[in-house]
2 protein chains.
Amino acid sequence: MAQLCLPVGLNVTELKQLDSLIQKHRLIQKGRFIYRTGDSFTHLYAIRSGSVKAYTLTSDGQIQMTDFFLLGEIMGLDAIATKRYHSNAVALQTTSICEIPFHQLEQLSLKIPALQQQLFRLMSQEITSEQNLVTWLGRKNAEQRLAAFLLNLSNRYHQRGFSATEFHLSMSRTDIANYLGLAVETVSRILSKLSEQKTIAIDKKFIRILDMDCLHQIVNVGKHDSLPCIAHHA
Amino acid sequence: MAQLCLPVGLNVTELKQLDSLIQKHRLIQKGRFIYRTGDSFTHLYAIRSGSVKAYTLTSDGQIQMTDFFLLGEIMGLDAIATKRYHSNAVALQTTSICEIPFHQLEQLSLKIPALQQQLFRLMSQEITSEQNLVTWLGRKNAEQRLAAFLLNLSNRYHQRGFSATEFHLSMSRTDIANYLGLAVETVSRILSKLSEQKTIAIDKKFIRILDMDCLHQIVNVGKHDSLPCIAHHA
DNA sequence: CGTTATATTGAAAGCAGTCAATAGTCGTGG
DNA sequence: CCACGACTATTGACTGCTTTCAATATAACG
């Protein structure tokens, strides 16, 4: 169980101790909340299956998508400092999560150095991942943001042993647009365009990446350079 | 010494142990590097005085500003996971830093629960701070990004006991523009505009915030709503 | 099977980027 | 101490990407 929730190189004894912490797991129906902004922070949550979106509300009531969590990823790391969750976490589909009581995890990690290391590593990764996001937004045009988003999902699925080229977009176009700081219409237009030039194929929420190199090229050229990989049409 | 570098509620004995780790401090001249992308990760660095900018290079050689570090802030947290620094850290002025050997800090934090907690807290804060940045970029227009940037600096200086309304912009306009994903010209134009409407006053790199409420209003309205606080001119 | 939410596509407007020219600042060496 | 050159900052004009508004089309849900 612990292996599934918090994969980390521990010996059998240590693993048992961790297991005793992570007993509960819950099934969350689509649209249900795991936690809400301001709730007092008690647990980290690991996704065993399904997916979750996290968003905050601005002072004027607008939604701001902050994260999508996929299988194997940990939610709630940003809440440690303030002891309150900063976002609303909602299941995008029926989702199974592990509940990890943080206080006990903290205690245990004092006794198991490898566990402490893994926690530091996890948090550091999260910082890096947020920094990368910062790098895309604002500095990249709409097409690049979307290409980077698709590649990011592809990598994350691939890491967990799933196909890097075919996967399910569990979030809506509206959510994607919000996450990338674009209008829904722009996301839709660009998906259509990429589909036309055979870089990707889309059937509703199911996506196939046909030309991975092309996506990489799109991401890596400057904001307004334009030598895309479209040697296709006509 | 430790108090200055890693403020945390420890007793005298614990503080001594921490002190013994954090012996060295270095003076870095303006323009000098503290670390570079790819250097192997050995230390965290805390700023005792001065300021530092951190940037990465894109695949096509463009600079991407990722962070500004001010007095009291910790650099290098993103390097823990990969054991390599992810960015280039350069002093913006003559800067004094504490060197904190991370491996030893990790060891010590196994023995001092309060220290471990403080480290978790620090990293969690960093995650939150990056998330906030993500929230601005891409979702806010140029004026809002700049207003948010100024308020952010104001808060950070204020937290450390300095004036919230008057401070030195140690980074260049070019750096600010890059950080916010804007063109230098846009930053310059907006600073001029805010200056004209008496929201701020600028003398070269020295800035005074004259109307803090106005800045907050700018940040908090929607991306294209426009009811600014300009009841000033003529 | 109808109703509502989500997605696609088109046309027009606006914000920010680019290009260009000028002004001001900083550091170095005469 | 001043003068030169290089760098940084400011301001203006124009282009273009992305948003907004509007109209369908398609999918999801009870």
Side-chain angles (χ1 to χ4, degrees), chain A residues 29-32 53 62-63 65 90 92-94 136-147 149 168-196 200-207 218 221-226 228, chain B residues 29-32 53 62-63 65 90 92-94 136-147 149 168-196 200-207 218 221-226 228:
Chain A
Q29 292 301 317
K30 178 176 176 178
R32 297 287 179 179
K53 69 176 175 181
Q62 300 251 311
I63 286 180
M65 205 60 52
V90 177
L92 287 165
Q93 55 195 285
T94 302
W136 300 339
L137 298 176
R139 289 183 244 270
K140 304 280 190 181
N141 66 26
E143 190 178 15
Q144 294 178 301
R145 289 188 215 180
L146 198 44
F149 177 70
H168 187 75
L169 288 176
S170 50
M171 65 295 288
S172 70
R173 306 282 195 272
T174 306
D175 288 341
I176 296 174
N178 191 299
Y179 181 70
L180 297 176
L182 300 171
V184 196
E185 294 92 328
T186 306
V187 169
S188 192
R189 263 185 264 271
I190 291 173
L191 285 179
S192 300
K193 185 186 151 199
L194 291 177
S195 193
E196 272 171 34
I200 62 175
I202 288 201
D203 179 27
K204 303 173 200 174
K205 301 214 162 211
F206 186 77
I207 185 168
I218 292 174
V221 297
K223 188 171 185 178
H224 291 274
D225 306 347
S226 58
Chain B
Q29 292 302 318
K30 176 176 178 179
R32 296 286 179 180
K53 68 176 176 182
Q62 300 252 309
I63 286 179
M65 205 60 52
V90 177
L92 286 165
Q93 55 194 286
T94 302
W136 299 340
L137 297 177
R139 288 184 243 268
K140 304 280 190 180
N141 66 27
E143 189 178 15
Q144 293 177 302
R145 291 188 214 180
L146 198 45
F149 176 71
H168 187 74
L169 290 175
S170 49
M171 66 294 290
S172 70
R173 306 282 195 272
T174 306
D175 289 340
I176 296 174
N178 191 300
Y179 181 70
L180 296 176
L182 301 171
V184 196
E185 294 93 329
T186 306
V187 169
S188 193
R189 262 186 266 273
I190 292 172
L191 285 179
S192 298
K193 185 186 151 199
L194 292 177
S195 194
E196 271 172 34
I200 63 175
I202 287 201
D203 179 26
K204 302 173 201 175
K205 301 214 163 213
F206 187 77
I207 186 168
I218 292 174
V221 297
K223 187 170 184 179
H224 292 275
D225 307 347
S226 58

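Per chain, numbering begins at 1; letters A, B, ... match sequence-line order.
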Asker: Ignoring backbone atoms, establish whether K30(A) has a side-chain N or O less than 4.0 Å from OP1 or OP2 of dA28(D).
Answerer: no
Asker: Restricting both atoms to N or O, compile the protein contacts to nucleotides 1-6 of chain C shorter than 3.5 Å, with distance only.
Answerer:
none

Asker: When you compare the side chain of H168(A) with that of I207(A), does any pair of heavy atoms fall below 4.5 Å?
Answerer: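 With C-beta onward as the side chain, the pair stays apart.
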Asker: Within a 6.0 Å radius of atom NZ on K30(A), are there more than 12 heavy atoms belonging to other residues, nucleotides or ligands?
Answerer: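 No, not enclosed.
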Asker: So R145(B) and L182(B), do their side chains get closer than 4.5 Å, heavy atoms only?
Answerer: yes
Asker: Are R173(A) and L191(A) side-chain neighbours, meaning at least one heavy-atom pair lies under 4.5 Å?
Answerer: yes
Asker: Starting at CD1 of I63(B) and ending at P of dT8(D), how long is that distance when rounded to a whole Å?
Answerer: 10 Å
Asker: What's the shortest heavy-atom distance between S195(A) and I202(A), and which atoms?
Answerer: OG-N, 4.1 Å
Asker: Give a yes/no answer on whether the side chain of T186(B) brings an N or O atom under 4.0 Å of OP1 or OP2 in dA16(C).
Answerer: no
Asker: Measure the angle between the two terminal helix axes of the helix from dC1(C)-dG30(D) to dG30(C)-dC1(D), five base pairs each, and quote it to 10°.
Answerer: 50°
Asker: State, with a plain yes or no, whether a side-chain heavy atom of I176(A) is found less than 4.5 Å away from one of M65(A).
Answerer: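 They are not in side-chain contact.
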Asker: Quick one: L194(B) CG to dA9(D) P, roughly how many Å, whole number?
Answerer: 17 Å
Asker: Specify the separation, in whole Å, of atom NZ of K140(A) and atom P of dT18(D).
Answerer: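 Rounding to the nearest Å, NZ of K140(A) and P of dT18(D) are 13 Å apart.
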Asker: Under 4.0 Å between a side-chain N/O of S192(B) and OP1 or OP2 of dT11(D), yes or no?
Answerer: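 Affirmative; the distance criterion is met.
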Asker: Contact class for L191(A) (heavy atom, under 4.0 Å): base, sugar-phosphate, or nothing?
Answerer: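 Answer is nothing: L191(A) stays at 4.0 Å or more from every strand.
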Asker: How about K53(B) and S170(B): do any of their side-chain heavy atoms sit closer than 4.5 Å?
Answerer: no
Asker: Would you tabulate the nitrogen or oxygen pairs shorter than 3.5 Å linking the protein to nucleotides 21-27 of chain D?
Answerer:
| from | atom 1 | to | atom 2 | distance (Å) |
| --- | --- | --- | --- | --- |
| dC21(D) | N4 | E185(A) | OE2 | 3.1 |

